[in-house]
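First comes the structure, then the notes that go with it.
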There are 2 protein chains.
Amino acid sequence: MSSAHSTPPALLDLSTYLLSRIGKAARGRLADRLAQRGLRLWDMAVLAALSDFGPHAQRDLVVRLGVDPSDMAKVVDQLATGGYVERARDPEDRRRVSVSLAPAGRDLLAELDAEARAVQDELLAPLDPEERARLQGLLLRVHQGLG
Amino acid sequence: MSSAHSTPPALLDLSTYLLSRIGKAARGRLADRLAQRGLRLWDMAVLAALSDFGPHAQRDLVVRLGVDPSDMAKVVDQLATGGYVERARDPEDRRRVSVSLAPAGRDLLAELDAEARAVQDELLAPLDPEERARLQGLLLRVHQGLG
DNA sequence: TCCTATAGTGGGTGCGCACCTACTATTCTT
DNA sequence: AAGAATAGTAGGTGCGCACCCACTATAGGA
């Protein structure tokens, strides 16, 4: 992949390029670890949303995470098959499926979070803790601006 | 896409996630601009390499940029068709094709660089110039560590 | 009640990217 | 001169991702 060797300075001077490259490495490494468990990035995002905000109608997960409804159906189905989330028809509107985090899902999320932090340690190895915190703060603000 | 709205804090707390997300946005926006000219990211990388380091044997471009030789052939072919680079058989080793930047390629690279900086302005809008410089410095060091 | 809108689902499409194989032309080795 | 190695090329494959369409079930409004 990105053969460390002598990347053109014209590219290294562009934050756009660095973000693209580093982001790809981050995504790739995390995806690899999730793949070993038969999971993809969206699985983790769904678990995190359920953990942070409680049960969601499937439709609300779609809105929150910005995924196609059809794709979300597949993700939730897989998570339910694995016993990580529970699906239940909403009695007040039987079109809706309420999705909630199962205990196994909470455990899984903790493990995935640890995987993500391991990737982080690899990736941010050149930075000391203070610098990592500064980077995190800057990235957070950039992310907020993404709209 | 990443619907700014209420991303799970468990994810926002992970630099891995932020890098992945922001990197994807950076890549996507730049790729869109290049696509309007019928170009892809590798085209820009090749132009930058030629500009920064002078003519390359095609094989050396492959090594420097870490691309598959077969894919590089296609990129160079497209750039040559557009008049942005020139191909010449190396007389000392007629297997080799020496690739060099044509004047039109230098102009194009300048425009693409401007496009990249425009994306940068969009993306890093929440940061002031000093913060952008700090981010750039941190990213550069992280990139160096990618190996 | 009829008509429209909404929630979820199954199946399929197109694109970009990385990768691989087979092949030709040329050079190097012995 | 023969065989192995190298540079480049044409074409094809598999994967992940985003997206779209058709369909069922349910609910809400006129």
Side-chain angles (χ1 to χ4, degrees), chain A residues 1-3 20-21 23-36 38-46 55-81 85-99, chain B residues 1-3 20-21 23-36 38-46 55-81 85-99:
Chain A
M1 309 301 144
S2 96
S3 73
S20 157
R21 269 300 180 172
K24 187 173 185 176
R27 164 171 301 253
R29 295 187 191 199
L30 182 53
D32 284 349
R33 285 169 181 257
L34 298 190
Q36 288 186 329
L39 300 172
R40 274 160 291 140
L41 291 161
W42 285 123
D43 296 308
M44 181 169 181
V46 168
H56 284 62
Q58 195 163 307
R59 188 204 127 66
D60 294 332
L61 284 172
V62 162
V63 171
R64 180 184 302 284
L65 299 175
V67 197
D68 185 271
S70 166
D71 295 327
M72 178 59 77
K74 290 151 196 160
V75 171
V76 169
D77 185 58
Q78 190 192 359
L79 288 173
T81 302
V85 304
E86 279 159 12
R87 277 181 294 199
R89 284 272 161 203
D90 178 343
E92 295 184 6
D93 183 342
R94 301 183 21 76
R95 290 172 301 183
R96 290 205 182 99
V97 170
S98 171
V99 184
Chain B
M1 309 298 147
S2 97
S3 72
S20 157
R21 269 300 181 173
K24 188 172 184 176
R27 165 169 299 253
R29 294 187 191 199
L30 183 52
D32 284 350
R33 286 169 181 256
L34 298 190
Q36 288 186 330
L39 300 172
R40 274 159 292 140
L41 292 161
W42 285 122
D43 296 307
M44 180 169 180
V46 168
H56 285 61
Q58 195 162 307
R59 186 203 129 66
D60 295 333
L61 285 173
V62 162
V63 172
R64 180 183 301 285
L65 299 175
V67 197
D68 185 271
S70 165
D71 295 327
M72 179 58 77
K74 290 151 196 159
V75 170
V76 169
D77 185 60
Q78 188 192 0
L79 287 172
T81 302
V85 304
E86 279 160 11
R87 278 182 294 198
R89 284 272 161 204
D90 179 341
E92 297 185 5
D93 183 342
R94 300 181 22 75
R95 291 170 301 182
R96 292 204 180 98
V97 170
S98 170
V99 184

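Just so it is clear: chains get the letters A, B, ... in the order the sequence lines come, proteins before strands, and each one is counted from 1. Values below: every heavy atom of this structure, side chains too, minus hydrogens, waters and symmetry copies.
Between B:W42 and B:L65 the shortest heavy-atom distance is CH2-O, 3.7 Å. Contact detail for B:A26 and A:S20: the closest heavy-atom pair is CB-N, 4.3 Å.
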Problem set entry | Contact letters for nucleotides 4-13 of chain C, in which S counts primed atoms plus P, OP1 and OP2 and B counts the base, heavy atoms under 4.0 Å | -BBSSBBBB-

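Nearer the 5' end of DNA chain D, as judged by each residue's closest nucleotide, is the contact made by A:W42, out of A:P91 and A:W42.
Residue B:K24 has no polar side-chain atom (N or O) positioned under 4.0 Å from OP1 or OP2 of D:dG16.
Rounded to whole angstrom, the span from the CZ atom of A:R27 across to the C1' atom of C:dA18 amounts to 16 Å. To the nearest angstrom, P of D:dC17 lies 10 Å from CG of A:L34. Rounded to whole Å, the distance from CG on B:L41 to P on C:dC15 is 17 Å. Across the protein-nucleic acid pair, B:E92 atom CD and D:dA7 atom C1' stand 15 Å apart, rounded to whole Å. In this structure, B:D43 places its CG atom 10 Å from P of C:dC17, rounding to the nearest Å.
Residues B:M72 and B:V46 are in side-chain contact: their nearest non-hydrogen atoms beyond the backbone lie under 4.5 Å apart. Between B:L61 and B:V99 there is a side-chain heavy-atom pair separated by less than 4.5 Å.
Here the side chain of B:Q58 pairs no donor or acceptor atom with the backbone of B:R87 at under 3.5 angstrom. In this structure, A:R96 contributes its side chain and A:R89 its backbone to no donor-acceptor pair below 3.5 Å.
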For this session: Could you go through the side chain to side chain contact (heavy atoms under 4.5 Å, CB included) check for A:L39 and A:M44 one step at a time?
Result: CA-CA 8 Å; A:L39 300 172; A:M44 181 169 181; over 6 Å; no

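The side-chain contact (heavy atoms from CB on, under 4.5 Å) check on A:D71 picks up A:V67, A:D68, A:K74, with sequence neighbours excluded.
Each end of the helix from C:dT1-D:dA30 to C:dT30-D:dA1 gets its own axis, taken as the rotation carrying the C1' atoms of four end pairs onto the next four within a five-pair window, and the two axes meet at 0° to the nearest 10 degrees.
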